[in-house]
Peer 1: 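The structure is given below, and queries will be raised subsequently.
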Amino acid sequence: MNIRFLGAHNCESSTIKLVTLLIDDTLAIDAGSLTSSLPIEAQLQLKAVLITHQHYDHIRDIPAMAMNALFYETNIHIYSIQAVYDALATHWLNGTTYANFLEKPQDNPRIKFTVIEPNKAVRIGGYDILAVPVNHSVPTVGFQITSPDGKIVFYTGDTGPGLADCWQYVSPQLLITEVTAPNRYEDFGRKLLHLTPNLLKEELIAFQKLKGYLPPVVLVHMNPRQEKEIEAEIALLAKELDASITLAYEGMLLQL
Ligand SMILES: [Zn+2]
Ligand SMILES: [Zn+2]
């Protein structure tokens, strides 16, 4: 399994992109930088786009991708929970600022949206996909993805503390999660439901206690302004837990 980090941050500029992962050039998870990071041919190759939640930085490129699908006479296959469909239909693709590609063109809407139920495995393009609820300010699911050759990755999406329930359902060989801010922002993390290094530490200790192991951990969704501070705190945490915990960056490629 190849995992490419198209975007690894919660903000965008010419050098950093919004969170988006690409699995084997076939599945995308989140769409913060799908069109801004991929040539059109690569966009058209995707079998599915899995969306963790409705926040702007995770759905940003869906309308632009749908416009490409229109001109190249193909479709985009999006999979997510009902709340994401509702948010897209109400706010993002409601026909006011851009075409409603959930319904248009009438004879072949460019976006094919499949609602998936949390904790019920589905098979998409040969991959087993399990959506698992996490603890964020809007309904959010992480995705465990199992490749045809048995490689397993779990990406939480945006989440705050309180992943004990979630850990019961997943057994990844690689864990991708978020750290948005450094430790001095712990109150912000608890209130807006994001992780800091110390909050991550509690979750990883709970994981290890429950599962008896700790997979390598890769972090996304860093605030670029505080990234150096996050990186230093994560280096200490990795030492303390004797674990592999690293920050992702745009263009990073991992092989499982
Ligand atoms: Zn969010
Ligand atoms: Zn986000």
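Only this structure's heavy atoms are used, side chains among them; waters, hydrogens and symmetry mates stay out. In each ligand, atom 1 is the first atom listed, and ligand 1 is the first ligand listed.
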Peer 1: So, of the N/O/S atoms that His53 has, which is the nearest one to the Zn ion (ligand 1)?
Peer 2: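 Going by distance to the Zn ion (ligand 1), the closest N, O or S atom in His53 is NE2.
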Peer 1: May I ask you to check whether His194 and His221 place their ring centres under 6.0 Å from each other?
Peer 2: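 So the answer is yes for these two rings.
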Peer 1: Should we say atom NZ of Lys104 is surrounded by more than 12 heavy atoms from elsewhere, each under 6.0 Å from it?
Peer 2: no
Peer 1: Taking atom types as modelled, find out whether Asn198 and Thr196 have a side-chain donor-acceptor pair closer than 3.5 angstrom.
Peer 2: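 Per modelled atom types, Asn198 and Thr196 side chains form no pair under 3.5 Å.
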Peer 1: Assess His221: does it contribute an N, O or S atom lying under 2.8 Å from the Zn ion (ligand 2)?
Peer 2: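 Short answer: yes, at least one N, O or S atom is under the cut-off.
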Peer 1: Examine His136 and say whether one of its N/O/S atoms is closer to the Zn ion (ligand 1) than 2.8 Å.
Peer 2: yes
Peer 1: Check whether any N, O or S atom of Asp57 sits under 2.8 Å from the Zn ion (ligand 1).
Peer 2: no
Peer 1: What N/O/S atom of His55 gets nearest to the Zn ion (ligand 1)?
Peer 2: ND1
Peer 1: Answer yes if Leu22 and Ile3 sit in the same cluster of Ile, Leu, Val, Met, Phe, Trp and Tyr residues linked by side chain heavy atoms under 4.5 Å apart, and no otherwise.
Peer 2: yes
Peer 1: Please work out the angle at the Zn ion (ligand 2) defined by atom NE2 of His58 on one side and atom OD2 of Asp158 on the other, rounded to 10°.
Peer 2: 90°
Peer 1: Are Phe143 and Tyr155 close enough that their ring centres sit under 6.0 Å apart?
Peer 2: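 Ring centres of Tyr155 and Phe143 not closer than 6.0 Å.
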